[in-house]
Amino acid sequence: MDRPSLPIVITIFRPTTTKFESYMETAYSVQQIQSSYIREILAAASDKSVISLAGGLPDEKTFPIHLMKPTIEALTTMIDVFQYGATVGYEPLIVHLTQTYNLPETHRVMTCTGSQQGLDLIARAYVNPNDTVAMEAPCYLGAMQVFGLAQANLVTVSQDESGPNINELELCFKTTSPKIFYAVPDFHNPTGVCWSLEKRKQVATLCIKYNVVLIEDAPYRELRFSGEPLQLVSDFCPDHSIVLRSLSKIASPGLRFGTVSGKQSYLEPLLKVKQGADLHSSTPVQAIILGLLQHAEFPQHLKNIRAIYRARYDTIFQAVQAYLPDECKIIPTEGGMFVWVTLPECDTYKLADELLANNVAVVPSPVFYPASAKPPSAIRLNFTNADPEDLVTAIRRISHVLRNTLY
């Protein structure tokens, strides 16, 4: 006996705009955060006629694909890297990094999906709403976004060409009792400033004295192209610091690889947060990174990058001095990816719009300050992702716009 056929019911879901439409309100912390101006202007500057000095982009021609190729080709035989891995990171790479960083016995290193994730893990593990976080002003935009999402109370101290103002910093530590001091001591983003050795020791002393944890962000440290390397600030306060490192600037941003190192007790909460965030970073990528770091030609690769960026820095520095009005001042640097040019008082957002209309993209100074600040008139210029000829052309265009706008 045949079974009676059952009716087939097809439900088609269509978006509606009725009063019964569901709505999920965005978290308050997200509502307070502005979209990244830099990523927006990069999209606007995607036209090939635009010379972009806006992004923190390494030159893609420096990506060491040929050094990574042997490991990439060997991945098909490394079945273990395609299984779930340890949250702390790929063990052979962790061993290599521990030795390379020369970590104290009580310290550990963990891998993360770019050092930006490391910064996010620190904020989520340690920062409660209204906790105070101290930063330099101007400051890296991505750090302000991360600590803003954590609903921290951001306080800033000014800097000069050797680092943060020490008197301001001590007063800040005394009066606001920050939990964290976030800083980029080596070729600061956005100013290019590299802290002096004396300033490094002074900051470390203050962190110990006032029990403030230094978050030392060091993504540009390997891009020193002149002068002598200086010790990490954290070397002078190892038990009051966490260090963020990245390979985005010397290998490839697309690999999204970074590390966090510090006392084991500092890293344990980060591992808990990372377990909940993504279980672990990509193990095949970590295997590729290990192969790159162990490649016999990797040290020469670093030398090549530094030579290229040194030439481009010299070009943009000389062009600024030759073409911009005398009132415009550039802060010299010995490495990194950026120069900071101070300007006569003006609306730098309007200036950036006018420059974009003239096919040059720059980042105006207010982007790097909290909303409550009154930033000086300045622009950040990236010199690593444009050819020398384009750098000179861009500075000439900036000069033309400035002279027409300000005079």
Side-chain angles (χ1 to χ4, degrees), residues 104 107 119 122-123 125-144 146-148 150-221 230-244 260-263 265-266 331-334 336 340 342 365-366 368-376 378:
H107 286 48
L119 186 57
I122 291 168
Y126 287 107
V127 180
N128 295 310
N130 296 317
D131 277 350
T132 298
V133 173
M135 314 173 81
E136 295 174 279
C139 184
Y140 168 51
L141 171 61
M144 288 195 293
V146 165
F147 291 121
Q151 302 181 63
N153 173 37
L154 301 183
V155 296
T156 60
V157 296
S158 66
Q159 65 172 199
D160 56 32
E161 293 186 18
S162 67
N165 183 304
I166 289 298
N167 291 333
E168 279 187 34
L169 187 64
E170 181 160 22
L171 182 62
C172 171
F173 285 6
K174 272 184 180 180
T175 58
T176 68
S177 301
K179 180 177 285 187
I180 284 170
F181 176 42
Y182 170 84
V184 185
D186 287 291
F187 317 119
H188 178 263
N189 181 3
T191 64
V193 164
C194 185
W195 295 8
S196 67
L197 181 61
E198 181 61 26
K199 195 69 64 91
R200 292 165 190 255
K201 293 177 179 178
Q202 290 173 329
V203 170
T205 298
L206 290 179
C207 287
I208 295 170
K209 179 178 179 180
Y210 292 98
N211 197 29
V212 176
V213 174
L214 170 71
I215 306 301
E216 183 169 15
D217 201 352
Y220 312 104
R221 184 171 172 82
L230 299 172
Q231 286 181 264
L232 288 161
V233 183
S234 51
D235 288 345
F236 302 107
C237 55
D239 291 335
H240 286 77
S241 57
I242 298 175
V243 181
L244 299 170
V260 184
S261 60
K263 289 193 303 185
S265 60
Y266 280 167
I331 296 178
T333 187
E334 296 181 330
W340 184 253
T342 58
S365 54
F368 305 102
Y369 288 81
S372 58
K374 293 183 178 180

Restricting to non-hydrogen atoms, name the atom on [X] and the atom on [Y] that form the minimum distance, rounded to 0.1 Å.
{"X": "P219", "Y": "V184", "value": "CD-CG1, 4.5 Å"}
{"X": "L119", "Y": "V146", "value": "O-CG1, 3.7 Å"}
{"X": "C207", "Y": "F173", "value": "N-CE2, 4.0 Å"}
{"X": "V127", "Y": "I180", "value": "CG2-CD1, 3.9 Å"}
{"X": "S241", "Y": "C237", "value": "OG-O, 2.9 Å"}
{"X": "P185", "Y": "D217", "value": "CD-O, 3.8 Å"}

State, with a plain yes or no, whether a side-chain heavy atom of [X] is found less than 4.5 Å away from one of [Y].
{"X": "C139", "Y": "T156", "result": "no"}
{"X": "S261", "Y": "H107", "result": "no"}
{"X": "L206", "Y": "V212", "result": "no"}
{"X": "C194", "Y": "E334", "result": "no"}
{"X": "F181", "Y": "Y210", "result": "no"}

Find the distance between [atom1] ([X]) and [atom2] ([Y]) and round it off to the nearest 0.5 Å.
{"X": "D239", "Y": "S234", "atom1": "CG", "atom2": "OG", "answer": "11.0 Å"}
{"X": "W340", "Y": "T333", "atom1": "CH2", "atom2": "OG1", "answer": "13.5 Å"}
{"X": "N130", "Y": "Q151", "atom1": "CG", "atom2": "CD", "answer": "7.5 Å"}

Can you tell me if [X] uses its side chain to pair, donor with acceptor, with the backbone of [Y] under 3.5 Å?
{"X": "S365", "Y": "P376", "value": "yes"}
{"X": "Y266", "Y": "I122", "value": "no"}
{"X": "Q159", "Y": "E136", "value": "no"}
{"X": "Y220", "Y": "N189", "value": "no"}

What residue pairs, at least two apart or across chains, pass salt bridge (charged side-chain N to carboxylate O under 4.0 Å, His left out) with a residue in [range]?
{"range": "residues 153-166", "answer": "D160-K199"}
{"range": "residues 167-184", "answer": "D131-K179, E170-K209"}
{"range": "residues 182-198", "answer": "D186-R200, D186-R221"}

With Y182 via ring pair (Phe, Tyr, Trp, His ring centres under 6.0 Å) - residues at least two apart: none
Partners passing side-chain contact (heavy atoms from CB on, under 4.5 Å) against T132 (at least two apart in sequence or in another chain): N153, V155, T176, P178
Residues F236, L197; criterion side-chain contact (heavy atoms from CB on, under 4.5 Å); working and verdict: CA-CA 10 Å; F236 302 107; L197 181 61; 3.8 Å; yes
Qualifying ring pair (Phe, Tyr, Trp, His ring centres under 6.0 Å) pairs with a residue from residues 183-208, counting only residues at least two apart or across chains: none
